[in-house]
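So the structure is just underneath, and the comments pick up after that.
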Amino acid sequence: MIEIKNVNKTFGDLQVLKNISLTIEDGEAYGLVGSSGIGKSTLLNCLAGLDSYESGSIIVDGVRLESLGEKQARLFRKNMGMIFQNFSLVSRKNVYQNIALPMECWKVPGSDIKKRVYELAEMVGLEDKLKARPAELSGGQKQRVAIARALTMNPKYILSDESTSSLDPNITASILNLLDKIRKEMGITIVLVTHEMPVVQQFCSKMTIMEAGTAAVSGEVRELFFQKPPALQKLLGMDNGENIPKSGVNITLGTSHDTLLWELGKLMEKPYKMVNSNFFEFQNQKHGNITINIDVQDLPVCENYLQSHRILYRTERSVL
Ligand code: ADP
Ligand code: MG
């Protein structure tokens, strides 16, 4: 478990992290999101034990990182496998040698290295590429090498810094599937830094939205994409409602149930106006929310129906 408590960090005059607090449970896929330059990588580096902070505490499995000496910090970093946007592979070494690198640093015996490299290459689907150099690989393959390398020392955590941000959407999906397999099968907690909202929506169960160095909002991804707090609206670049009717009541429904809208239309005995619909795949299930606009006098009958069917919804008056 990772507990980040009131962490502050400055670079010169710039306060990059402002009183950040958040908790990441074991086995979770946790997203750290926010626009560029907001402090995501800095926070991840602090969590990895690669960077210091002026005040506050980062506690990983009961260990306070700020209290570690140099040698203990080095040992601690074995727990943290890192992957990056630019893959950070050594170009003059082949795939085998790149994966083996951390084990060589830790002076693991050669026969164990060989066994582990083969095991991990197979896991990431690169067993036939062990002799290739990074320049001969696609972006997705390079990231698979980086993932195998990050796993060599059996980390408890994988910290991913924009690891899919330079990949095509279908390659992104395959890398996210691989990370999901690693999380589920190996029980590794994954902290994913990204500025790409579809990535966090597909992959993470919880997230923190960072705004100007603060942890603006934290919570369940599903819930937050339903509630759409202002911090998320900004990231999603949502328009400010040019298409929204200027009278009546907007009801946002947190379900993709097909017959629901039909039922509501029948209850009101007149059509509703569609305001917005937003459906997405989340962990192989379809989710969505839909906003419709109805007349004020139809609200009671609609609310009655929604409440009796335990359907998540919120209402908001459209004002002229
Ligand atoms: P993000 O990952 O969200 O894009 P970063 O954590 O990389 O943001 O950077 C946050 C801010 O801190 C930026 O303004 C960046 O220029 C600054 N910054 C990052 N690293 C350093 C550094 N080593 N020295 C000075 N400023 C830095
Ligand atoms: Mg960054």
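Predicted model, so just to flag it, every value in this text is computed and none were measured. One-based numbering, in listed order, for ligands and for the atoms of each.
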Electrostatic pair K234:E211 at N-O distance under 4.0 angstrom: yes
Residue pairs fulfilling salt bridge (Lys or Arg N to Asp or Glu O under 4.0 Å) with at least one residue in residues 152-167, sequence neighbours excluded: D26-K156, D61-K156
Whichever hydrophobic residues join V90 through chains of side-chain contacts under 4.5 Å: L101
Protein residues having a heavy atom less than 4.0 Å from any atom of ligand 1: F11, L14, V16, S35, S36, G37, I38, G39, K40, S41, T42
Y30 side chain to E25 side chain, donor-acceptor N/O pair below 3.5 angstrom: no
The Mg ion (ligand 2) - number of protein N/O/S atoms closer than 2.8 Å: 1
Quiz item: cation-pi between R149 and F87, 6.0 Å / 45°: no
Cationic N near anionic O, under 4.0 Å, D112 to K115: no
Spacing of K40 atom NZ and T194 atom OG1 [to the nearest 0.5 Å]: 8.0 Å
Ion pair check, R133 and E136, cut-off under 4.0 Å: no
E54 versus T10, side-chain donor and acceptor atoms under 3.5 Å: yes
